[in-house]
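To start, the structure under review is shown below, and the notes come after it.
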Protein chains: 2
Amino acid sequence: MALKSFIEVQPDSHFSIQNLPYGVFKTAPDSVQRPCVAIGEYLLNLAEIAAAGLFDGSLLKDSDCFDQPNLNKFLSLGRPAWKEARATLQKLLSSTEPALRDNEALRSRSLIQLRKVAMVVPVAIQDYTDFFSSMHLPDNSRAASCESPNKILPNRFHLPIAYHGRASSIVISGTDIVRPRGQSAPIVNSPPHFGPSAKMDFELEMAAVVGTGNELGKPVDIHKAEDHIFGLVLMNDWSARDIQGWESVPLGPFLGKSFGTTISPWIVTLEALEPFKCDSPIQDPPPLPYLAEKTSQNYDISMEVLLRPVGQQDTQVLTRTNSKHLYWTLPQLFAHHTINGCNLQPGDLLGTGILSGPV
Amino acid sequence: MALKSFIEVQPDSHFSIQNLPYGVFKTAPDSVQRPCVAIGEYLLNLAEIAAAGLFDGSLLKDSDCFDQPNLNKFLSLGRPAWKEARATLQKLLSSTEPALRDNEALRSRSLIQLRKVAMVVPVAIQDYTDFFSSMHLPDNSRAASCESPNKILPNRFHLPIAYHGRASSIVISGTDIVRPRGQSAPIVNSPPHFGPSAKMDFELEMAAVVGTGNELGKPVDIHKAEDHIFGLVLMNDWSARDIQGWESVPLGPFLGKSFGTTISPWIVTLEALEPFKCDSPIQDPPPLPYLAEKTSQNYDISMEVLLRPVGQQDTQVLTRTNSKHLYWTLPQLFAHHTINGCNLQPGDLLGTGILSGPV
């Protein structure tokens with residue numbers, strides 16, 4: 001019989017006891033930020049659970065990792081601590097366990113309705129990288145990156161192409177994005193056009209949240225890379241295609257992207273995603289040895305983007321896709337990023353790039 | 001008569017009382033890090049000066065900005081506080097002021113020989129951006145960025161092209177750099193080459209250290225931009241040209257740069273550089289209004305790079321240049337970076353790109 005929580009979870013909720021995604025909340029604009037997990041229509045304040053001594057496993061018992069304004073310290077403890085936390089929380093929230101269920105004072109301190117809090121960016125993001133991991137690029141992105149059906153980039157099937165993104169302008173879902181102003185390509189013999197972007201676009205991506213990093217100069221082996229990844233967020237890599245198209249030869253995207261990048265408040269752990277693993281596409285040509293995995297797997301996650309224009313009631317579907325089509329896997333992104341010795345750190349984001357698939 | 005310190009400063013020293021560059025030091029691997037300025041062969045520990053109550057101006061009197069492991073808090077206080085600190089320190093170190101000169105206990109607590117400490121990266125760098133600000137690109141860099149004498153990039157005279165760099169791998173001068181491994185372009189119909197980079201290169205740059213930032217969505221006016229910049233460091237943007245050349249179309253440099261970037265331990269303030277201001281090159285075509293300055297100025301600073309191969313006594317000069325040739329000025333870099341609303345933060349670095357000039 002499936003594990004069930006004493007907290008009611010609607011059948012269409014994303015926040016079952018099998019998921020337990022991590023976030024960081026505050027109850028008022030100036031209040032402290034504390035880590036939590038989502039369960040049904042509630043969050044569970046992990047600082048209260050820790051203060052009550054309920055993280056009693058060997059790795060978390062004496063840790064102050066939840067008495068923090070972000071998840072970075074918890075992430076830095078590594079996969080064994082993440083597994084211990086998940087086991088503790090699934091037990092604590094289950095319908096058969098009395099420790100929290102029957103402790104009314106603790107329940108009222110630690111369980112808060114989600115609609116009563118504000119979620120914040122859950123990690124301090126030191127560096128953010130965005131990759132090209134899909135092989136099926138939509139036309140708008142392809143045009144902005146100089147690729148055409150007649151000119152396939154020669155490196156794309158040998159490495160996950162990437163650029164460093166801007167970490168400071170990453171915001172939590174729901175934050176207003178100000179339409180950027182900037183230059184776009186001139187009509188021949190005129191100065192460049194300047195004004196608010198007329199080609200605002202979205203990019204539906206996932207991003208891996210780095211859990212444990214590596215030392216500068218020490219690459220991470222492809223077969224150990226997955227253990228460094230804590231979980232996944234959704235990401236919208238807002239893009240001003242007119243600004244991007246004019247500025248980005250030869251150094252890549254800059255102001256066309258750096259005005260704002262939106263992530264979801266919840267980090268879904270790789271443990272929770274385990275049941276959704278599936279084979280990834282066959283890679284041909286075969287990757288170089290440092291990118292070659294014994295088994296290459298993706299996650300089968302359906303996603304869609306809806307748009308509701310201001311003043312309208314109805315939404316329109318802009319895209320539907322699935323992360324199972326990603327050509328490069330998460331461990332490959334991690335191994336490639338570190339092969340030159342570059343150091344990743346807890347809280348770093350690795351975006352997959354646009355999630356697209358066959359038409 | 002020129003201001004003179006009671007501390008002896010050799011005529012060829014860079015650390016006169018007119019300079020007073022800021023850094024952060026520690027006296028042992030595990031000891032605390034504290035801000036300081038350099039004077040002759042000594043540093044002055046600013047935490048001790050603050051503890052002695054000698055920062056008695058209105059802006060710094062009650063501040064704990066020097067009781068910190070980096071300069072970020074001091075930087076965030078803004079130009080009036082930076083000017084106040086400089087005035088206080090120049091007075092305190094002058095030959096005519098007894099407060100420090102005649103207080104032997106304080107002198108022994110606060111003045112430490114530079115050869116007895118380790119300098120560390122002086123700011124917590126959240127984001128690092130590198131620009132193309134010179135118009136005279138050396139051939140090796142030009143080849144790696146797809147430009148040729150017959151194909152001048154059309155955007156270069158309209159905006160300072162830039163990319164986001166990797167902040168985590170910025171290290172202090174003297175730190176060993178591990179030669180990166182990676183892919184480089186295949187010979188036709190072969191897989192890409194893989195191995196240690198065979199085309200390691202240096203780039204002599206300066207980088208502006210951002211003092212005060214701006215709010216997301218709020219561009220900074222070109223005429224206010226200079227006030228946001230605290231000072232300058234030297235930077236070596238180590239580059240693996242073979243890795244960079246293969247990976248960087250279309251998203252720009254990534255692993256060819258992210259294995260390590262070296263900065264100088266000392267930040268020279270814009271106040272100290274004021275006497276070295278000079279006219280910058282005439283910009284033709286004229287820049288768009290958001291980049292147009294009433295007066296465009298650079299700093300006249302001569303620089304050279306020397307190489308001493310392992311096991312040899314003699315050094316060779318690799319390059320000599322001067323920052324007065326920069327086409328885009330520091331305020332233009334700042335104004336361009338924020339025109340789309342991108343938020344800069346105290347401690348961010350803005351690299352000038354290769355400093356080059358006419359042959």
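Throughout, protein chains are lettered first and strands after them, A, B, ... in sequence-line order, and every chain is numbered starting at 1. Values below: all heavy atoms of this structure, side chains included; hydrogens, waters and symmetry mates excluded.
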Please report the closest heavy-atom contact between B:Trp246 and A:Pro154, naming both atoms and the distance.
CH2-O, 3.5 Å

Closest non-hydrogen contact found for A:Ala167 with B:Asp127 is N-OD1, 3.1 Å

So what's closer than 4.5 Å to chain B heavy atoms on A:Leu255: side chain, backbone, both or neither?
both

Engaged part of A:Thr175 at the chain B interface, taking heavy atoms whose separation is under 4.5 Å:
neither

Under a 4.5 Å heavy-atom cutoff, which of [options] has the most pairs with chain B?
| options | result |
| --- | --- |
| A:Gln345, A:Arg181, A:Gln183, A:Glu247 | A:Gln183 |
| A:Ile243, A:Leu344, A:Ile177 | A:Leu344 |
| A:Thr338, A:Ile339, A:Leu288, A:Leu216 | A:Ile339 |

Are A:Tyr290 and B:Phe194 near enough that their ring centres are under 6.0 Å apart?
yes

Relative to the ring of A:Phe254, is the ring of B:His164 parallel (under 30°), tilted (30 to 60°) or perpendicular (over 60°)?
tilted

Taking side chain as everything from C-beta outward and backbone as N, CA, C, O, which of these in B:Pro219 sits under 4.5 Å from a heavy atom of chain A? Side chain, backbone, both or neither.
side chain

Checking heavy atoms, do the side chain of B:Asp176, its backbone, both or neither come under 4.5 Å from chain A?
neither

Looking at chain A, which one of B:Gly217, B:Pro192, B:Pro180 has the largest number of heavy-atom pairs inside 4.5 Å, strictly under?
B:Pro192

